[in-house]
Amino acid sequence: MQTHTKFLPVKEQISRLKDGVAPVEIIDMEGLTQKLEQSRSENRPLRVKQGFDASAPDLHIGHSVSIWKLKTFQELGHKVVFLIGDFTGMVGDPSGKSKTRPRLTREEVEVNAQTYRDQVYKILDPEMTEVRFNSEWHGQRNIYEFLELTSHYTIRRMLERDDFWKRFQAEKPISIMEFLYPLIQAYDSVALKADIELGGTDQKFNLVLTRHIQRAYGQDPQVLLLMPLLCGTGGKEKMSKSLGNAIGITDSPDDIYGKIMSIPDDMIREYYLMCSGIENREIDNILSQNDPYQAKHKLANTIVSKYYDENKARCAAQQFLSLFKNKDLPSPAELIEDNAAVRIDNEVEWLPRIIVTAGGAKSNAEANRLIKAGAVSIDCVKVQAEGKNLDIRIEAPFILKVGKRRFYLIYRNEEQLKQLC
RNA sequence: GGGGAGAUUCCCGAGUGGUCAAAGGGAACUGACUGUAAAUCUGUCGGCGAAGCCUUCGGAGGUUCAAAUCCUCCUCUCCCCA
């Protein structure tokens, strides 16, 4: 039996947890202190949980806000439980917007899980992370157990959720399943015996409900750390892959850099606070210069360095300047590296089809529209022709530009490529 | 169980027999101007290699030269009464 603990004093742990991006709200501060004390006296790590959607396994820097916090817990010696909601993902979507999602197969779930691991271990320590799936317990529950679970909460309390209430008021549909969903989710924490759960502020209702359910099952309710939500690059909605406004943590350095540069000015502070890891005083200092352009450069630099390294950040910065300030084209070698080299087999090919093949448009019609709008250029020369006059003879590789930031290297055979390298 | 209202393109929402690939707004994309910011202005916003054609208005049938629009059945949603 160990007589002394490997854990830091509680006060120190709490102050470490408040470093960096502070949780918007900690629900049950007292509980947190107690749990930390207990963990110390029993020399037992706390179980810190966060749930993730199994169907969209792409983490972006919005998620990373809380993942860094999980990391802090690991540094303090606690265990992170990374929960993948494969069961809930298979059942459907509670947001009310979409129809039931296509059911994921076992294989898809496994693939997505691996994708998560690859990304999340960029930040977390694999040794101290437990990856779990909620189908483990939900997959086998019978209806009696399930009904018991549902008996612990009421319709009225469910309607307290803002989203539900609004829809109720607006005479919009709310399915029973949507009411059940938070309960199912809540049971995850019971099954995992979670001590602490992290989540975005949008999860507040569900997470608070979880505490009730844990109590109903005789467990000590988990402490909640509600983390701020990061807005997407458009600055209006929350960051989300499906809205197309996300910066993925596995995006290329150039992409991350560029996307940071494109955020609206009034988002700069928020991004600094949530993603840079820079101290508040220093942030104030940077922003007091009143030079948003430079502030963004510095931010982009910091973030790329964080997920890659300083060297890559410098390259990305250079790339950015040459591309957008000097309007240079990227070099063929860079395009090849970015997987933007596209082989066209025919000697003569219709330009819209080339654009579609390259991925610059979804249909020939869309490609045609882009051409008409003057959005397409070949080796820096804007394409002016229309309709039938768009056959292109591919004699040498050329750089196709579609819109502001899509570049493709079009070539016909591998030899041409070799010559370029 | 009874009565009423409704389902339109990514979202909201107009359209009640041809002039409808379907108003308007939002989102998105694009061009100009810029700092790949914002604001503003232009243009686009189902598919097919111009024309012309094809597919689309919850689903399946039907009436009609012609259907988002009329009829029948079905599915789903909301409200009121019980």
Side-chain angles (χ1 to χ4, degrees), chain A residues 92 95-100 164 166-178 231-238 240-247 251-272 287 289-301 304 316-330 344 346 348-357 359-377 381-392 400-407:
Chain A
S95 68
K97 282 177 242 156
S98 56
K99 297 154 192 108
T100 308
F164 286 148
K166 277 192 190 131
R167 278 158 65 196
F168 185 69
Q169 290 296 309
E171 302 182 356
K172 293 257 169 66
I174 303 170
S175 75
I176 303 285
M177 196 199 76
E178 291 177 73
C231 280
T233 50
K236 286 174 200 152
E237 286 143 316
K238 72 168 184 178
S240 131
K241 180 100 197 285
S242 57
L243 293 171
N245 62 8
I247 302 176
D251 280 356
S252 73
D254 290 351
D255 267 353
I256 295 179
Y257 204 99
K259 286 178 182 175
I260 295 290
M261 290 306 288
S262 78
I263 64 171
D265 284 3
D266 48 16
M267 298 300 303
I268 298 176
R269 176 176 289 273
E270 188 177 324
Y271 270 62
Y272 258 107
L287 295 179
Q289 314 277 313
N290 230 339
D291 184 350
Y293 182 66
Q294 285 311 323
K296 278 202 235 178
H297 268 297
K298 190 165 170 57
L299 179 64
N301 222 293
V304 175
Q318 242 163 29
Q319 174 78 355
F320 175 84
L321 287 176
S322 81
L323 221 57
F324 297 106
K325 196 146 197 187
N326 311 330
K327 311 225 162 162
D328 296 338
L329 288 179
I344 300 294
N346 301 327
V348 174
E349 184 58 282
W350 192 45
L351 182 58
R353 195 169 292 125
I354 297 177
I355 295 172
V356 172
T357 308
K362 285 196 286 289
S363 65
N364 294 349
E366 189 183 324
N368 256 320
R369 273 181 239 124
L370 286 167
I371 294 168
K372 210 178 285 179
V376 176
S377 59
V381 181
K382 192 178 275 190
V383 177
Q384 308 237 337
E386 257 188 61
K388 55 194 164 189
N389 298 320
L390 285 169
D391 286 332
I392 302 286
L400 175 71
K401 181 183 172 204
V402 182
K404 239 178 274 186
R405 61 174 98 155
R406 278 163 292 168
F407 297 92

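Here is how names work: the chains are called A, B, and so on, in the same order as the sequence lines, proteins then strands, and each is numbered from 1.
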Under 30°, 30 to 60°, or over 60°: which ring-plane class applies to A:His297 and A:Phe320, parallel, tilted or perpendicular? perpendicular
Have a look at A:Ile268 and say if it touches a base, only the backbone sugar-phosphate, or nothing, with a 4.0 Å heavy-atom cut-off. nothing
Searching all strands shown, indicate the nucleotide that pairs with B:C33 (Watson-Crick or G-U wobble; both distances under 3.5 Å). none
Give me the distance, rounded to whole Å, that separates B:A82 from B:C12 when you measure between the P atoms they each carry. 33 Å
Under a 3.5 Å cut-off for both distances, is B:U55 Watson-Crick or wobble paired, and to whom? none
Mind checking who B:G24 pairs with, Watson-Crick or G-U wobble, both distances under 3.5 Å? B:C12
Is the ring centre of A:Tyr293 under 5.5 Å from the base ring centre of B:A37, and are the two planes under 30° apart, so that they stack? no
For A:Gly258, report the nucleic acid contact type (base, sugar-phosphate, nothing); a contact means any heavy atom under 4.0 Å. base
Rounded interatomic separation in angstrom, taking CD from A:Gln294 and P from B:U36: 11 Å
Counting Watson-Crick and G-U wobble pairs only, both distances under 3.5 Å, name the nucleotide matched with B:G18, or none. B:C65
A:Phe320 has an atom CZ; how far is it from atom C1' of B:U36, in whole Å? 5 Å
Using a 4.0 Å heavy-atom cut-off across all strands, classify A:Arg369 as base, sugar-phosphate, or nothing. sugar-phosphate
Base, sugar-phosphate, or nothing: which does A:Pro292 touch, judged by heavy atoms less than 4.0 Å apart? base
Counting neighbours of NZ on A:Lys298 that are heavy atoms of other residues, nucleotides or ligands and sit closer than 6.0 Å, is the number greater than 12? no
Assigned partner base of B:C76, Watson-Crick or wobble definition, under 3.5 Å: B:G6
Could you tell me whether A:Asn364 contacts a base, only the sugar-phosphate backbone, or nothing, with contacts defined as non-hydrogen atoms closer than 4.0 Å? sugar-phosphate
Using a cut-off of less than 4.0 Å, is there contact between a side-chain N or O of A:Ser363 and OP1 or OP2 of B:G47? yes
Answer with base, sugar-phosphate or nothing: what part of the nucleic acid does A:Lys296 contact at a heavy-atom distance below 4.0 Å? base
Closest-nucleotide 5' rank along RNA chain B - winner of A:Glu171 and A:Ala365: A:Ala365
Could you pull out the closest heavy-atom pair between A:Tyr271 and A:Cys231, with the gap in Å? OH-O, 2.7 Å
Reckon A:Lys404 has a side-chain N or O less than 4.0 Å from the OP1 or OP2 of B:U30? no
